[in-house]
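This report refers to the structure that appears directly beneath it.
Every chain is numbered from 1 and lettered A, B, ... according to where its sequence line falls, protein lines coming before strand lines.
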Amino acid sequence: MLDARYSFRSHVCGDLRSDNTEETVTLAGWVAKRRDHGGLIFVDLRDRSGVVQCVFDPDTSGEAFVTAERIRPEWVIKIEGTVRKRPDGTVNPGMATGDVEVVVVSATVLNMSETPPFEVEPGIDTDETTRMRYRYVDMRRPEVLAAIQLRDRVTQRFRKSLEHRGFLEVETPILTKSTPEGARDFIVPSRMNPGSFYALPQSPQLFKQLLMIGGFDRYYQIARCFRDEDLRADRQPEFTQVDIEMSFVEQEDVLLMMEDVMHEVMKEADFDLKVPLPRLAYSEAMDRFGSDRPDLRFGMELHSLTDVFATSEFKVFAGAIAAGGRVKGICARGAGDWSRSRIDALNQVALDAGAKGLAWIAFTGDGEVKSPIAKFLSEGEMAGVRETLHVQPGDLVLMIADAPDVTNEVLGVLRLRMADELELKREGFEALWVVDFPMFKWDADEERWNANHHPFTMPFVEHIDSLEEKPGDALSYSYDLVVNGLEIGGGTLRIHSAELQRRALAILGISEEEAEEKFGFLLEALSLGAPPHGGIALGLDRLVMLLAGASSIRDVIAFPKTSSGADPLTGAPDTVSQRQLKDVHLKVD
RNA sequence: GGGGGUGUAGCUCAGCUGGUUAGAGCGCUGGCCUGUCAAGCCAGAGGUCGCGGGUUCGAGCCCCGUCACUCCCGCCA
């Protein structure tokens, strides 16, 4: 809480209540509003704590009144006056300080202000670029202040919760080494080492392993991370992770610790997170929800219809099944009477998501069945669909027949789309763990295996022997924390054996030389007494965005960047002088 | 890299089928006003219609290009 200590104020604006009646106060802040009645002037004075009405009456102080006639919105002023209860009939119940007002005895202009580029008040709809360019004005508005304050509370709660559990906060380097794979690095030229570059960390990844090897046992950091990739509503080139790592743990230890901490953190948003959270294997998440970050605020799960259509005469389904594919469907309750054009729009969604087409059956509220494919389906098949998907009149069945992963992913997209259209998402937060991710995934374009989480993930013990033989079958100790369909965090148990780490890198197609060059320091460290360890990293911006109900992480970052990575306030990025380039041995076209 | 949307006064927007001097609300400036809190009333100022080119007798509106913002796909181990 803001208070008046260590300042020339006696109180802060938002704290004044009827208890303060008769007190002489000194306040300072910004002029939020000025209502000039000619012979009486009201000024709403604002600081971080809130707003209080100040009354300038020439009968009290002619000098102050003259000052009040000059002042304008966003001027910075100091006032001295007396708190009094507002006269009968003038109380403002919409204001925290609405029972009282300050009768001003003297007023000082601390600084004038140009007319602000937009009005400083709640609910404005000003273009974001303008708000960013004048972010220091924008942040005087209550929504921005509230978001940043929530972020502060969440951050502090993480610190407290983790400190109470024995975690040490340790800072890791910002100027570090580029590593292959992952996102594009931001790079920084080295003046003292011509032609060499630092990279900004994509996450503290390797350092947290080194801290475990160093015996710190439990580490955390509110860590800034940098990734030079295209932006999104939930992605900025620099963002913040709550990075956590623990020694001598199994996966379950990390999950339980995180659940306890998250329970405490979510309280800052007045939410009682029920723990333990549900756990869903990656394969089950894909099978039931068509997503590795399922939104559990609504049902509409995917169901297999492969058995129903196993002997179908309908060539599209039969062909897909014969080719090793699956037929699956979802049942959208209450969309059975949708217009043809509205359903056709869904077909386009399916095509965009990678399907060859969308099969649908509309069961109207009147008991009719409408479907372009009905004539190809037997009575038994139709009955199978009704039974499997628990169809009722008024439902719309959407079906996809394709390779198993395509079928799941497309239906996953349709499921989300229908939930939005039908407004099915429940209020509140629905969190879960998605666990047991495959160790590797096949990159068809580059014809090689990629790490699913990262190259340091520990495979299941029972899959270690067959790692090279069947990389695609190996599962790993990895887990994502998913809230409302957003990936809030993810982590893994780490490989702590140099030998196993070499094998994992080899499967990823990283040569021994490259492994030595890029990760030699890690391999060396792993050979010098590395304890079993694992951890997790949470996306702080995304979490706060979620808790704040914001639609972009820009809303919870004090000075965000535009979608081209620019900062309209400072003008970054910008050119530098020839001298600066020369110093770092760079030439620019 | 690709697709969609937006760009007109300080802010938010309207501007019809291409037609005379581009409008509104808020804000701003000045005046009046002693109980307002979205104060009220009166008057006023304020425009490179993102930018460049083209079509046309005539372009805010049509065409081409370009820039910025924004959403999505790719990308983000």
Side-chain angles (χ1 to χ4, degrees), chain A residues 32-45 51-60 65 68-69 72-74 86-95 97-98 101 103 113-134 137-138 179-185 202-203 205-206 225-237 239 348-349 351-354 413 417 437-441 443 445 448-457 476 478 487 490 492 504-505 508 510 537 539 551-552 554 560-566 568:
Chain A
K33 242 14 190 244
R34 176 174 161 278
R35 292 178 292 279
D36 185 347
H37 287 237
L40 189 69
I41 297 172
F42 298 99
V43 167
D44 289 342
L45 189 65
V51 175
V52 69
Q53 171 166 286
C54 304
V55 188
F56 291 79
D57 188 333
D59 299 339
T60 307
F65 186 82
E69 286 183 310
R72 290 292 181 270
E74 301 312 311
R86 292 198 189 186
D88 287 345
T90 65
V91 165
N92 185 346
M95 235 175 143
T97 60
E101 62 193 6
V103 184
S113 171
E114 301 289 328
T115 302
F118 45 85
E119 288 156 70
V120 180
E121 58 184 36
I124 63 165
D125 194 20
T126 300
D127 177 71
E128 252 189 285
T129 319
T130 311
R131 290 176 45 204
M132 275 188 223
R133 179 169 170 202
Y134 302 100
V137 175
D138 190 34
T179 52
E181 299 205 64
R184 200 175 289 114
D185 285 318
Q202 298 178 22
S203 81
Q205 214 60 266
L206 298 178
C225 304
F226 306 87
R227 295 181 188 175
D228 189 4
E229 299 290 349
D230 287 359
L231 288 79
R232 287 282 192 288
D234 61 353
R235 269 165 35 190
Q236 285 267 305
F239 62 100
Q348 191 57 49
V349 171
L351 293 176
D352 291 345
V413 170
R417 169 66 176 249
F437 285 81
M439 179 88 177
F440 304 106
K441 64 182 172 216
D443 184 331
D445 291 341
R448 64 188 195 92
W449 292 99
N450 272 330
N452 208 334
H453 263 78
H454 51 63
F456 320 108
T457 306
S476 62
S478 51
E487 187 194 325
T492 64
L505 292 172
L508 294 170
I510 296 171
S551 53
S552 164
R554 292 188 298 273
K561 292 182 176 59
T562 69
S563 65
S564 63

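A salt bridge links Asp44(A) with Arg35(A): the closest approach of a Lys/Arg side-chain nitrogen to an acidic carboxylate oxygen falls below 4.0 angstrom. Ion pairing between a basic and an acidic side chain is recognised when a charged N comes within 4.0 Å of a carboxylate O; Glu128(A) and Arg554(A) show such pairing.
Remark: Arg417(A) pairs with Glu421(A) by the side-chain hydrogen bond (donor to acceptor under 3.5 Å, both in side chains) rule, at least two apart or across chains. Applying the salt bridge (charged side-chain N to carboxylate O under 4.0 Å, His left out) rule to Asp36(A) yields the partners Arg34(A); only residues at least two apart in sequence or on another chain are considered. Contacts of Phe42(A) classified as ring-ring contact (aromatic ring centres under 6.0 Å, His included), with partners at least two apart in sequence or in another chain: His37(A). Under the salt bridge (charged side-chain N to carboxylate O under 4.0 Å, His left out) criterion, Arg448(A) pairs with Glu446(A), sequence neighbours left out. Judged as a ring-ring contact (aromatic ring centres under 6.0 Å, His included), and not counting sequence neighbours, the contacts of Phe437(A) are Tyr282(A), His453(A). In this view, Gln348(A) and Asp352(A) satisfy the side-chain hydrogen bond (donor to acceptor under 3.5 Å, both in side chains) rule, not counting sequence neighbours. Residues meeting the side-chain hydrogen bond (donor to acceptor under 3.5 Å, both in side chains) test with Asn452(A), sequence neighbours left out: none. With sequence neighbours left out, the salt bridge (charged side-chain N to carboxylate O under 4.0 Å, His left out) criterion links Arg227(A) to no other residue.
A distance of about 31 Å separates the C1' atoms of U21(B) and C67(B), rounded to the whole Å. Taking atom P on both nucleotides, A38(B) is separated from C11(B) by 24 Å, rounded to a whole Å. A distance of about 11 Å separates the P atoms of A59(B) and G19(B), rounded to the whole Å. Distance noted for atom P between G18(B) and C57(B): 16 Å (whole Å). Separating the C1' atom of C37(B) from that of C42(B) is a span of 22 Å, rounded to the nearest Å. To the nearest whole angstrom, the two P atoms, one in G35(B) and one in A43(B), are 23 Å apart. Comparing the P positions of C49(B) and C61(B) gives a spacing of 10 Å, expressed to the nearest Å. With both ends at atom C1', the span from G25(B) to G15(B) equals 15 Å, rounded to whole Å.
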Exercise for review: Sugar-phosphate atoms are those with a prime plus P, OP1 and OP2; base atoms are the rest. Using that split, label each nucleotide of nucleotides 2-9 of chain B B, S or - for protein heavy atoms under 4.0 Å, 5' to 3'.
Suggested key: --------

Identify each atom pair where a protein N or O and an N or O of nucleotides 22-25 of chain B are less than 3.5 Å apart, giving names and distance.
none

Close N/O contacts between protein and nucleotides 10-13 of chain B (under 3.5 Å):
from, atom 1, to, atom 2, distance (Å)
G10(B), O2', Pro117(A), O, 2.6
C11(B), O2', Thr126(A), OG1, 3.1
U12(B), OP1, Asp127(A), N, 2.6

Between the protein and nucleotides 32-39 of chain B, list the N/O to N/O atom pairs that are separated by less than 3.5 angstrom.
from, atom 1, to, atom 2, distance (Å)
C33(B), N3, Asp36(A), O, 3.2
C33(B), N3, Gly38(A), N, 3.2
C33(B), N4, Asp36(A), OD1, 3.4
C33(B), N4, Gly38(A), N, 3.4
U34(B), OP2, His37(A), O, 3.4
U34(B), OP2, Gly39(A), N, 3.0
U34(B), O4, Asp59(A), OD2, 3.1
G35(B), O6, Arg84(A), NH2, 2.6
G35(B), N1, Glu101(A), OE2, 2.9
G35(B), N2, Glu101(A), OE1, 2.4
G35(B), N2, Glu101(A), OE2, 3.2
U36(B), O4', His37(A), NE2, 3.2
U36(B), O2, Arg35(A), NE, 2.6
U36(B), O2, Arg35(A), NH2, 3.2
U36(B), O2, Gln53(A), OE1, 3.3
U36(B), N3, Gln53(A), OE1, 2.8
U36(B), N3, Gln53(A), NE2, 3.0
U36(B), O4, Gln53(A), NE2, 2.7
U36(B), O4, Arg86(A), NH1, 3.3
C37(B), O4', Arg35(A), NE, 3.1
C37(B), O2, Gln53(A), OE1, 3.4
C37(B), O2, Asn92(A), ND2, 3.2
C37(B), N3, Arg86(A), NH1, 2.6
C37(B), N4, Arg86(A), NH1, 3.3
C37(B), N4, Thr90(A), O, 2.4
A39(B), N6, Asp36(A), O, 2.6

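Across the protein-nucleic acid pair, Lys441(A) atom NZ and C76(B) atom C1' stand 10 Å apart, rounded to whole Å. Counting to the nearest Å, the P atom of U70(B) and the CZ atom of Arg235(A) are 14 Å from each other. Atom CZ in Arg227(A) sits roughly 17 Å away from atom P in G74(B) (whole-Å rounding). What separates CD of Glu487(A) from P of C76(B) is a distance of 13 Å, to the nearest Å. We find that CD of Glu114(A) is positioned 19 Å from P of G27(B), with the value rounded to whole Å. Between the P atom of U70(B) and the CG atom of Leu231(A) lies a distance of 8 Å, rounded to the nearest Å. In this entry the distance linking CG of Asp230(A) with C1' of C73(B) reads 11 Å, nearest Å. Atom CD in Glu229(A) sits roughly 6 Å away from atom P in C76(B) (whole-Å rounding).
Nearest heavy atom pair, residue Phe239(A) against residue Gln202(A), reads CZ-O, 4.2 Å. Contact between Pro58(A) and Phe65(A) at its shortest, heavy atoms only, is CD-CD1, 3.5 Å. Looking at every heavy atom in both residues, Leu508(A) comes nearest to Ala451(A) through CD2-N, 3.3 Å. Taking every heavy atom of both residues into account, Gly98(A) and Arg86(A) meet most closely at O-NE, 3.2 Å.
Using a 4.0 Å cut-off, no side-chain N or O of Arg133(A) falls inside it from OP1 or OP2 of C69(B). Arg72(A) has a side-chain polar atom (N or O) that falls below the 4.0 Å cut-off from OP1 or OP2 of G30(B). In terms of phosphate contacts, Ser564(A) brings a side-chain nitrogen or oxygen within less than 4.0 Å of OP1 or OP2 of C69(B).
With a 3.5 Å ceiling on both atom-pair distances, the Watson-Crick or G-U wobble partner of A24(B) is U12(B). When both pairing distances are held under 3.5 Å, G18(B) makes no Watson-Crick or G-U pair with any nucleotide shown. Partner assigned to G65(B) is C51(B), using Watson-Crick or G-U wobble distances below 3.5 angstrom.
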**Study point:** CA sep, side-chain torsions, deciding dist, call: Val137(A), Glu74(A), side chain to side chain contact (heavy atoms under 4.5 Å, CB included)
**Key:** CA-CA 9 Å; Val137(A) 175; Glu74(A) 301 312 311; 5.5 Å; no

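Among the atoms of the strands shown, only primed sugar atoms or phosphate atoms (P, OP1, OP2) are found under 4.0 Å from some heavy atom of Pro73(A).
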